[in-house]
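In this chain, residues are counted from 1 in sequence order.
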Amino acid sequence: MSARPGAVRPLVACVPGGEGGFVLPVALFVLVVLAMVSVTGLYTSRNEYRAAEATRQAAVALAAADAGAQRTLALWATAVPALPAAGDSLLLDWQTLPDGSRYRSVVRRAPVAVGGTAAGRVLMRTIAVVRPPGTARRTVVTVVEAPSGQPLCCEAAFKVQSRLLIRSPGKPKPDSYIRGADSIPPGWTAAQCPGARADLPGVVTSDAAQIDVRAGGSISGSPAIQEDTTVADADFADLGPITYAALAAQAKFTFPGGTRLNNTVNPVVAGGTCSTGVNTNWGSPLTPLGPCGSWAPIVRATGNLRLSGAGQGQGVLLVDGNLTIDGTFQYYGLVIVLGSVSMTTTSRISGGVLIRGGVGGGLQSELADGAIIQYSSCAVQRAQAGITGMTPGGGATGATERSWFEVVG
């Protein structure tokens, strides 16, 4: 029977197989599509983040490699005290930049000069990696012009024209010695001395018969004593790339002859800054990372100079007369004395020493009671870096960047 017009039609339940059964599958399909879109969006966002982070890290690594190359050039004096032989390479240790990135450089010298290339032109390959957990790595190659000029120092740990006596009276006094083995000064690390090292003779002298080694004294090196009969007064006036007079003219502090400094030569720090205007502040070699760690002035005495008691200094020390050290004073760098030198009581010089011994070399120098002279190319090169007219590497022309490019792959 058909329904009457105007009658209410009964509702049909939405059960499977009924007229309303299509709603649930559609809802499920929409949910699946939305989930897929969300997952795809998250996956894409994650990949884009990773790509952006990789790009950022790559830029940081490239900047670190360039910064490492520039730092190596700036520290050429200590990083590369001598160019490698033709065809050889010099591998420098890993160093850390302030942001935590690390770099290392390899200096390679061509086997022969090609196409008019200067013998001192080298390739420096600098590799840098970003701070962990990053892994980005970039490499730049820098063409460096580094002609190998005549160095200011050193032929030996101790070059002397005059007579030399080295001794120690025995216990409880420690031995006195001169050593030509190239070493990193006490308290310094590869961070201050990243370059290669090479041993020198302990003593170079005009007359080996004038070297008197007694009980408690010793000289070592390659060889221990080397005689050079050409050593003369002129060697201490003309130092090769610069004269003694020109070097003395650059002195930051000048003391009159007869000066005695007793327990006064020490670093001075005010407000966390090194007070470089204080004439008894010659740097802090015993604390190389302190505020005065890089302060290495040229100091001159126009006559005799006496350093008594404790103290420390670094740089270049010039003495027109005689130098006496009768305490535990320690000096890192280059010492040039036109008169004689007398060292006692565990005083120490790390670097290189040139002693004229007076006009004609007639004065006797002496090391006793535990005095030490230890050759250190690192201490000498750091001292030379502050000399006007001297440049990294020791010659008249320093290391300069010619060009650089990134190595990919």
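The two residues Pro174 and Thr346 have their closest heavy-atom pair at CG-CG2, 3.7 Å. The shortest heavy-atom contact between Cys274 and Pro291 is CB-O, 3.4 Å. Between Ala58 and Ala136, the closest heavy-atom pair is N-CB, 4.0 Å. The two atoms that bring Thr72 and Met124 nearest to each other are CG2-SD, 3.5 Å, heavy atoms only. Contact record, Leu200 with Cys154: CD1-O, 3.4 Å, taken as the closest heavy-atom pair. Here the closest heavy-atom approach between residue Ser365 and residue Ser162 is recorded as OG-OG, 3.9 Å.
For the atom pair Leu363 CG and Ile355 CD1, the distance stands at 10.5 Å (nearest 0.5 Å). Between Gln384 atom CD and Ile298 atom CD1 the span is 10.5 Å, to the nearest 0.5 Å. Interatomic distance, Arg260 CZ to Leu305 CG, rounded to the nearest 0.5 Å: 11.5 Å. Cys193 contributes atom SG, which lies 5.0 Å from atom CD1 of Ile184 (distance to the nearest 0.5 angstrom). One finds the CZ atom of Arg163 at 6.0 Å from the CD atom of Gln210 (value rounded to the nearest 0.5 Å). Here Gln226 contributes atom CD and Ile219 contributes atom CD1; the two are 13.0 Å apart, rounded to the nearest 0.5 Å.
Counting only distance, with no hydrogens or angles, the side chain of Gln314 and the backbone of Gly293 share a donor-acceptor pair below 3.5 Å. In this structure a side-chain-to-backbone donor-acceptor pair under 3.5 Å is missing from Tyr332 to Ser376. At distances below 3.5 Å, not a single donor-acceptor pair connects side-chain atoms of Trp188 with backbone N or O atoms of Pro288. Proximity of a side-chain donor or acceptor of Ser347 to a complementary backbone N or O of Thr344 within less than 3.5 Å is detected. Not a single donor-acceptor pair under 3.5 Å links the side chain of Ser101 to the backbone N or O of Val130. Side-chain atoms of Thr205 come within 3.5 Å of backbone N or O of Asp207 as a donor-acceptor pair. For the pair Thr243 (side chain) and Ala246 (backbone), a donor-acceptor distance under 3.5 Å is present. Checking side-chain atoms of Tyr103 against main-chain N and O of Ala61 turns up no donor-acceptor pair under 3.5 Å. Checked by atom type and distance alone, the side chain of Asp235 pairs as donor or acceptor with a backbone atom of Ala232 at under 3.5 Å. Between the side chain of Glu227 and the backbone N or O of Ala208, at least one donor-acceptor pair lies under 3.5 Å.
Counting heavy atoms of neighbouring residues, nucleotides and ligands inside a 6.0 Å radius, atom CZ of Arg131 does not exceed 12 of them.
A side-chain donor from one of Asp233 and Gln161 sits under 3.5 Å from a side-chain acceptor of the other. Defined by atom type and a distance below 3.5 Å, a donor-acceptor pair is missing between the side-chain atoms of Ser183 and Arg197. Looking only at atom types and distance, the side chain of Ser168 has no donor-acceptor partner in the side chain of Asp175 under 3.5 Å away. At a cut-off of 3.5 Å, with distance as the only test, no side-chain donor of Asp326 or Thr324 sits close to an acceptor on the other residue. A donor atom on one side chain and an acceptor atom on the other are found under 3.5 Å apart for Ser89 and Arg108. For Arg348 and Ser350, the side-chain atoms include at least one donor-acceptor pair closer than 3.5 Å.
With contacts defined as side-chain heavy-atom distances shorter than 4.5 Å, the pair Leu323/Val335 qualifies. Val341 is not listed as a side-chain neighbour of Asn322, based on a closest heavy-atom distance of 4.5 Å or more. Using a 4.5 Å heavy-atom cutoff, the side chains of Lys252 and Trp295 are in contact. At least one side-chain heavy atom of Leu367 sits less than 4.5 Å from a side-chain heavy atom of Ile178. You'll find the side chain of Gln364 stays beyond 4.5 Å of the side chain of Asp212, heavy atoms only. Leu239 places a side-chain heavy atom less than 4.5 Å from the side chain of Leu247.
Listed by chain and number, the residues in a side chain to side chain contact (heavy atoms under 4.5 Å, CB included) with Arg104 are Leu91, Trp94 (sequence neighbours excluded). Tyr244 is linked by a side-chain hydrogen bond (donor to acceptor under 3.5 Å, both in side chains) to Asp320, counting only residues two or more places apart in sequence or in another chain. Annotation: side-chain hydrogen bond (donor to acceptor under 3.5 Å, both in side chains) contacts of Asp93 (sequence neighbours excluded): none.
Arg167 has no carboxylate O lying under 4.0 Å from a charged side-chain N of Asp369, or vice versa, which leaves the two without a salt bridge.
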For Phe255 and Asn279, run side-chain contact (heavy atoms from CB on, under 4.5 Å): C-alpha distance rounded to whole Å, both residues' side-chain angles, the deciding distance at 0.1 Å, then the answer.
-> CA-CA 9 Å; Phe255 295 90; Asn279 66 358; 3.7 Å; yes
